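Taking it in order: structure first as structure tokens, then the write-up.
Numbering starts at 1 and runs along the sequence shown. Predicted, not measured: the structure shown is a model, and the values here were computed from it.
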Amino acid sequence: MIDQDKIREAVRLLLEGIGENPAREGLLGTPDRVARMYTEIFAGMEEDVTEPLSRVFAVEHNEMVLEKDMGFYSMCEHHMLPFYGKAHIAYIPEGKVLGLSKLARVVEVYARRLQIQEQMTGQIADAIMTHLMPQGVMTVVEAEHMCMTMRGIKKPGSKTITVAARGIFQDNAVLQERVFQMIRM
């Protein structure tokens with residue numbers, strides 16, 4: 001459970017640690033604002049993907065479904081700086097499909113956690129495989145990491161791309177290439 005009192009105290013200590021005065025007029029409300037913001041951006045810590053992944057519809061086909069360009073924002077667990085970008089999910093149904101908004105909801109749940117991109121990509125694919133039981137799923141996530149753009153190496157515009165392939169996608173280069181082509185469309 002997110003503890004806003006602890007967050008407020010931590011922000012006060014951080015302000016003091018960087019040489020600021022938490023009692024300064026411009027900073028008086030900052031601990032509370034940050035606590036409310038963290039409650040929002042880390043909401044995925046308290047959410048489960050079971051509910052959105054339980055809303056399925058029966059289908060007779062097994063044609064690939066791709067939901068692409070789902071924007072997300074997350075926080076890197078290494079530097080606690082944002083990374084943001086787009087997630088793309090392709091799957092081949094096995095008798096049932098998800099409502100399209102449910103795929104975006106799954107991305108949102110995992111993105112709203114202290115996270116690394118590589119882990120998030122796999123978590124999305126694993127959750128869909130577990131709950132929907134499709135023939136296969138492929139998740140592609142592309143993101144810009146603020147830890148690379150505003151500090152350290154300082155390379156704005158660089159993107160990290162991660163891929164998780166499960167089921168029928170795992171060892172099928174033709175299917176994987178088809179997903180990449182559809183993403184580029």
Keeping [X] on the side-chain end and [Y] on the backbone end, is there a donor-acceptor pair under 3.5 Å?
{"X": "H61", "Y": "E63", "answer": "yes"}
{"X": "E144", "Y": "G85", "answer": "no"}
{"X": "E46", "Y": "I2", "answer": "yes"}
{"X": "R112", "Y": "E40", "answer": "yes"}
{"X": "Q135", "Y": "P93", "answer": "yes"}
{"X": "T130", "Y": "A127", "answer": "no"}

Is [X] linked to [Y] within one hydrophobic cluster, defined over Ile, Leu, Val, Met, Phe, Trp and Tyr using a side-chain heavy-atom separation of less than 4.5 Å?
{"X": "L132", "Y": "V49", "value": "yes"}
{"X": "F72", "Y": "I41", "value": "no"}
{"X": "M45", "Y": "L81", "value": "no"}
{"X": "M64", "Y": "Y91", "value": "no"}
{"X": "V107", "Y": "Y84", "value": "no"}

Side chain to side chain contact (heavy atoms under 4.5 Å, CB included) assessment of R8 paired with D5
CA-CA 5 Å; R8 281 189 282 274; D5 290 333; 2.6 Å; yes

Just wondering, are more than 12 heavy atoms of other shown residues or ligands nearer than 6.0 Å to [atom1] in [X]?
{"X": "M37", "atom1": "CE", "answer": "yes"}
{"X": "I153", "atom1": "CD1", "answer": "no"}
{"X": "E25", "atom1": "CD", "answer": "no"}
{"X": "K159", "atom1": "NZ", "answer": "no"}

Over all atoms of both residues, closest heavy-atom pair of [X] and [Y]:
{"X": "V141", "Y": "Q117", "value": "O-NE2, 3.0 Å"}
{"X": "A90", "Y": "F169", "value": "O-CE1, 4.0 Å"}
{"X": "F180", "Y": "V140", "value": "CE2-CG2, 3.9 Å"}
{"X": "R113", "Y": "E47", "value": "NH2-O, 2.9 Å"}

Just by distance, with hydrogens left out, do R33 and T30 show a side-chain donor and acceptor under 3.5 Å apart?
yes

Walk me through whether E9 and K6 qualify under salt bridge (Lys or Arg N to Asp or Glu O under 4.0 Å).
CA-CA 5 Å; E9 181 58 29; K6 284 185 179 181; over 6 Å; no

Test side-chain hydrogen bond (donor to acceptor under 3.5 Å, both in side chains) applied to Q115 and S74, step by step:
CA-CA 7 Å; Q115 186 67 279; S74 192; 5.7 Å; no

Could E142 and K68 be called an ion pair, given the rule that one side-chain N must be under 4.0 Å from one carboxylate O?
no

With under 30° as parallel and over 60° as perpendicular, where do the rings of H145 and F83 fit, or are they tilted in between?
parallel

